[in-house]
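Can you keep this structure in mind? I'll have questions shortly.
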Amino acid sequence: MVRQHTSTKLASLSLVAAASLLTACTTYTVRPTDGASEPAVVRTINQDQPVVTAKMAAAREELGQMVALQDRLYRIAAPLLINNADLCRSQARNLLGFTAKNRYSYSGEYVDAATAVLNYGDRLEVASVLAGSGAAKAGLKQGDILLAAEGKELPRGANAETQAAGILGPLASSNKTLNLMVERKNVNVPLKVPVTRACAFKIDIGNVDNINAYADGQRVLITRGMVNFAQTDEAIAYVLAKDMAHNILGHAATTRSAYTVASIIDNLVTIRPDTSMLIGSAGVKPMPQELDGAADRLSLYMVARAGYSTAGARAFWQRLTTQYPATVLNGYTANHPSVNYRLSVIDKTVAEIRSKQSSNKPLVP
């Protein structure tokens with residue numbers, strides 16, 4: 001099971017509606033004691049309304065925005081992860097293809113937000129289903145409550161997410177299918193879920209506005225600022241694939257930056273990151289041009305194999321470089337400064353891919 005803070009529930013749920021207060025009321029009837037025919041008197045006593053503080057309201061809005069962005073990343077990343085399993089070398093795994101959360105997946109005021117906005121309780125609930133995965137094909141749906149796997153009851157409560165991962169992970173790695181029991185609209189539903197071979201990279205949203213993306217060998221993080229800059233799904237796919245390629249090629253280990261980048265990712269996945277960690281280069285060394293070019297080449301093949309067009313890649317990276325040059329120390333170009341070399345690799349690779357596509361040759365770099 002891939003563990004991420006994801007759910008599409010926010011896509012159709014108004015934050016204003018989610019923050020609305022419900023009025024609880026009690027009614028009782030007073031009847032005449034003398035048997036007269038006068039009408040009964042119905043009185044309503046309004047109980048105190050629950051109080052939503054400004055801090056709670058802000059937390060609900062922040063959580064909603066973060067979850068919506070995370071869900072978009074999962075949707076874009078799905079074909080990149082699944083269609084490139086054979087390129088991921090040792091990082092390919094058997095995955096169940098869904099994420100699950102409960103209210104305790106968050107902390108502080110976000111426990112309230114998870115309950116109010118996402119309707120999470122003690123039980124683990126399917127937050128997102130990876131498009132094209134075995135879970136999607138089996139009919140697992142967002143909002144399904146996880147009850148049992150292979151007849152074993154799944155945990156609930158404060159540590160349920162971690163405990164469930166410890167149960168589901170080994171089952172997925174050793175079986176072709178997994179028998180799940182879920183609750184859907186108060187009805188128990190048995191599902192036979194095929195495992196999905198995919199690149200086992202954790203995909204995260206970074207809750208900051210600098211224009212950057214990070215890969216530590218196991219994870220890929222793209223900042224909120226980069227998502228807003230990229231705008232289109234295709235452009236976001238270019239960024240995600242580029243950092244997946246860095247992971248596949250082992251560049252974090254080669255450049256000895258895995259620990260530094262991992263600490264940055266750990267910080268940025270929190271709902272309120274410490275932005276002081278991003279001052280200057282944040283300790284990240286510029287990527288050598290040969291490594292960067294190799295990642296560009298592999299990433300374009302991954303993009304094409306996932307069904308995205310490679311035609312806009314050069315224009316996107318050129319636009320990023322122009323608007324956020326290497327002098328912006330906490331931006332992407334500062335960490336990937338060999339722009340002209342990268343663009344030449346991109347041009348050559350796009351032409352190579354087009355040639356293979358036109359002649360129906362396998363898209364293998």
Side-chain angles (χ1 to χ4, degrees), residues 1-13 15 18-19 52 55-75 77-78 95-130 133 135 140-149 152-169 171-172 180-184 193 200-208 218-222 224 262 265-274:
M1 181 173 64
V2 181
R3 296 172 51 219
Q4 297 294 336
H5 295 178
T6 55
S7 170
T8 54
K9 197 167 293 185
L10 264 291
S12 59
L13 178 63
L15 290 173
V52 178
K55 186 177 182 180
M56 291 167 63
R60 293 180 184 187
E61 183 172 2
E62 289 171 356
L63 182 62
Q65 292 172 349
M66 183 188 73
V67 166
L69 281 175
Q70 181 70 71
D71 187 68
R72 185 185 181 193
L73 285 191
Y74 250 50
R75 176 175 55 79
L95 306 178
L96 291 176
F98 67 89
T99 66
K101 298 287 178 184
N102 68 3
R103 65 194 302 259
Y104 297 106
S105 297
Y106 304 91
S107 60
E109 67 264 37
Y110 298 102
V111 174
D112 161 78
T115 303
V117 178
L118 305 176
N119 294 324
Y120 286 168
D122 287 349
R123 281 286 194 184
L124 285 172
E125 180 177 322
V126 175
S128 67
V129 180
L130 200 65
S133 68
L140 190 69
K141 297 182 182 295
Q142 180 199 27
D144 286 349
I145 297 173
L146 299 181
L147 300 178
K152 183 175 182 178
E153 183 178 2
L154 291 173
R156 65 176 75 188
N159 297 312
E161 188 177 346
T162 300
Q163 293 170 353
I167 295 171
L168 294 171
L171 289 174
L180 287 181
M181 181 67 70
V182 302
E183 180 183 315
R184 183 182 299 164
V193 179
F201 298 132
K202 191 175 179 183
I203 308 297
D204 282 316
I205 185 72
N207 297 302
V208 287
Q218 303 295 326
R219 296 177 290 178
V220 169
L221 179 141
I222 179 172
R224 180 178 61 223
I265 292 176
D266 288 342
N267 175 44
L268 297 186
V269 294
T270 61
I271 298 179
R272 292 176 182 167
D274 178 5

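Note that the structure is predicted; figures quoted are calculated from it, not measured.
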Exercise for the section: Report yes or no: does Asn207 contribute a side-chain atom to a donor-acceptor pair with the main-chain N or O of Pro273 at less than 3.5 Å? Expected result: no
Exercise for the section: Can you sort out the partners of Thr115 under side chain to side chain donor-acceptor pair (under 3.5 Å), two or more places apart, ordered by chain and number? Expected result: Arg103
Handout entry: Straight-line distance of Arg219 CZ to Phe201 CZ, nearest 0.5 Å
Key = 13.0 Å
Problem - Leu73 vs Ile222 side-chain heavy atoms within contact, under 4.5 Å - result: yes
Practice task
List for me each residue that meets salt bridge (charged side-chain N to carboxylate O under 4.0 Å, His left out) alongside Arg75, sequence neighbours excluded, and say none if there are none.
Solution key: Asp233
Handout entry: Heavy-atom closest contact (Asn102 atom, Gly121 atom, distance)
Key = CB-O, 3.2 Å
Fill in the blank from the handout: salt bridge (charged side-chain N to carboxylate O under 4.0 Å, His left out) filter on Arg123, not counting sequence neighbours, yields Glu153
Exercise for the section: Output all residues satisfying side-chain contact (heavy atoms from CB on, under 4.5 Å) with Ile167, sequence neighbours left out; order by chain, then residue number. Expected result: Lys152, Leu154, Pro155, Leu171
Problem - Non-neighbouring partners of Asp122 that pass salt bridge (charged side-chain N to carboxylate O under 4.0 Å, His left out), sequence neighbours left out - result: none
Exercise for the section: Hey, could you give me the CD/OG1 distance between Glu161 and Thr99, rounded to the nearest 0.5 Å? Expected result: 8.0 Å
Handout entry: Passing candidate, side chain to side chain contact (heavy atoms under 4.5 Å, CB included) with Phe98, options Leu130, Asp144, Leu140
Key = Leu140
Exercise for the section: Output the distance between atom CD (Glu62) and atom OH (Tyr110), rounded to the nearest 0.5 Å. Expected result: 3.5 Å
Completion exercise
In short, Ser128 meets Asp71 closest at the heavy-atom pair CB-OD1, 3.9 Å
Problem - For the student: nearest non-hydrogen atoms of Leu96 and Ala135, plus distance - result: O-CB, 3.1 Å
Handout entry: Gap between atom CG of Leu221 and atom CD1 of Ile205 - 0.5 Å precision
Key = 7.0 Å
Completion exercise
CZ of Arg156 to CD of Glu125, rounded to nearest 0.5 Å, is 13.5 Å
Exercise for the section: For Asn267 and Thr270, indicate whether the former's side chain and the latter's backbone hold a donor-acceptor pair under 3.5 Å. Expected result: no
Fill in the blank from the handout: Minimal heavy-atom distance between Leu146 and Ala100, with the atoms involved, is CD1-CB, 3.7 Å
Exercise for the section: Could you tell me which residues satisfy side chain to side chain donor-acceptor pair (under 3.5 Å) with Asp112, sequence neighbours excluded, listed by chain and number? Expected result: Arg60
Exercise for the section: Drop me the distance from Leu69's CG to Asp204's CG, to the nearest 0.5 angstrom. Expected result: 12.5 Å
